[in-house]
Amino acid sequence: MTEKFIKQGHHLLYNEATKFDVTLGITTREDGQSNYPNEAFNMARYIDDHPQHITNHQKILAEEIKFDRENWVFPIQTHENKVVEITSKDKGINIDSLTSSLHGIDAMYTYENNILLTMCYADCVPVYFYSPNHNFIALAHAGWRGTFGQIVAEVIKQVSFDLEQMYVVIGPATSSSYEINNDIRNKFATLPIDISKYVVQRENDRHGIDLKLANKLLLEYYGIPSSNIYITDYATSEDLNLFFSYRLEQGQTGRMLAFIGQK
């Protein structure tokens with residue numbers, strides 16, 4: 001399969017969405033101003049980095065994707081499965097500085113134009129939704145907790161239109177090198193999808209899990225046609241020249257910013 005995320009400046013852009021005036025992508029790690037680690041294009045205000053670095057990186061990205069910072073929205077993620085609708089009144093939340101607004105939100109959606117939904121990642125799965133026929137976009141943050149919490153299903157619950165008119169993109173995240181223990185594996189065994197397709201036992205109490213595939217299987221289970229789902233080949237844990245990896249870098253690293261908006 002040809003990779004559909006194309007490198008442009010400090011980000012990867014999903015070209016298939018641009019034909020619908022949807023801007024969908026994720027930032028990369030290189031050529032930035034942050035010392036977290038050196039010359040990193042960190043996009044997270046909640047780690048030990050100078051605030052001006054993040055502001056400068058935001059300005060660079062805004063120019064690259066032609067989406068003004070004043071139209072961005074950023075929630076405070078807590079690895080749960082809460083979803084919120086975003087409207088024009090939410091523009092600018094947590095962009096210049098962090099606030100108490102939109103706390104505990106790991107997925108957002110909107111039917112409005114000129115809003116950029118954004119969230120930070122460094123191994124967890126970014127899941128993007130868009131439906132050109134219904135002017136709908138959404139972005140979800142799915143680590144193992146969000147995946148187990150079926151956050152993609154929570155997003156799907158927010159729509160009433162035909163799911164054959166929904167497209168989903170699963171972006172760069174950790175590969176199946178990510179491991180879980182027996183307790184977490186047993187949690188996943190309760191989901192309504194075949195665990196043997198995305199979890200592989202490695203040794204006693206250690207299992208490799210493919211979170212990107214798990215989310216794809218959940219999307220299909222809840223009605224998104226397989227042909228409407230794209231999974232990138234990029235993996236944060238294998239493409240460290242492009243992405244931050246919280247796990248491999250033991251937390252001492254920056255964060256990418258996933259984003260989706262419609263002009």
Determine the minimum heavy-atom distance between P172 and T232, stating which atoms define it. N-CG2, 3.3 Å
Carefully, step by step, assess R145 and E80 under the rule salt bridge (Lys or Arg N to Asp or Glu O under 4.0 Å). CA-CA 7 Å; R145 291 178 178 84; E80 298 177 59; over 6 Å; no
Determine whether a donor-acceptor pair (N or O, by modelled atom type, separation under 3.5 Å) exists between the side chain of Q58 and the backbone of I95. yes
Looking at the rings of Y14 and Y230, which for Trp means the six-membered one, are their centres under 6.0 Å apart? yes
Determine, step by step, whether R29 and E39 satisfy the salt bridge (Lys or Arg N to Asp or Glu O under 4.0 Å) criterion, reporting the C-alpha distance in whole Å, the side-chain angles of both residues, the deciding distance to 0.1 Å, and the verdict. CA-CA 8 Å; R29 74 179 291 162; E39 299 181 350; over 6 Å; no
Which atom pair, heavy atoms only, marks the closest approach of P192 to L218? CD-CD2, 4.3 Å
According to the interplanar angle, ranging from 0 to 90°, do the rings of F161 and H134 count as parallel (below 30°), tilted (30 to 60°) or perpendicular (above 60°)? parallel
From CA spacing to verdict: ring-ring contact (aromatic ring centres under 6.0 Å, His included), F259, F67: CA-CA 10 Å; F259 53 87; F67 233 111; 8.6 Å; no
Any heavy-atom pair between the side chains of L24 and F5 that's under 4.5 Å? yes
Are the charged groups of E179 and R202 less than 4.0 angstrom apart, N to O? yes
Lys/Arg-Asp/Glu bridge criterion (N-O < 4.0 Å) met for E203, R206: no
Can you find a pair of side-chain heavy atoms, one from I60 and one from F41, that are under 4.5 Å apart? yes
Assigning hydrophobic clusters by single linkage (Ile, Leu, Val, Met, Phe, Trp, Tyr; side-chain heavy-atom cutoff under 4.5 Å), is I93 placed with L116? no
Determine, stepwise, if the pair D96 / R69 fulfils salt bridge (Lys or Arg N to Asp or Glu O under 4.0 Å). CA-CA 9 Å; D96 288 322; R69 290 170 64 247; 2.5 Å; yes
Can you check whether F129 and Y109 have ring centres sitting under 6.0 Å from each other? no
Take the angle between the ring planes of F20 and Y130 and call it parallel below 30°, perpendicular above 60°, tilted in between. tilted
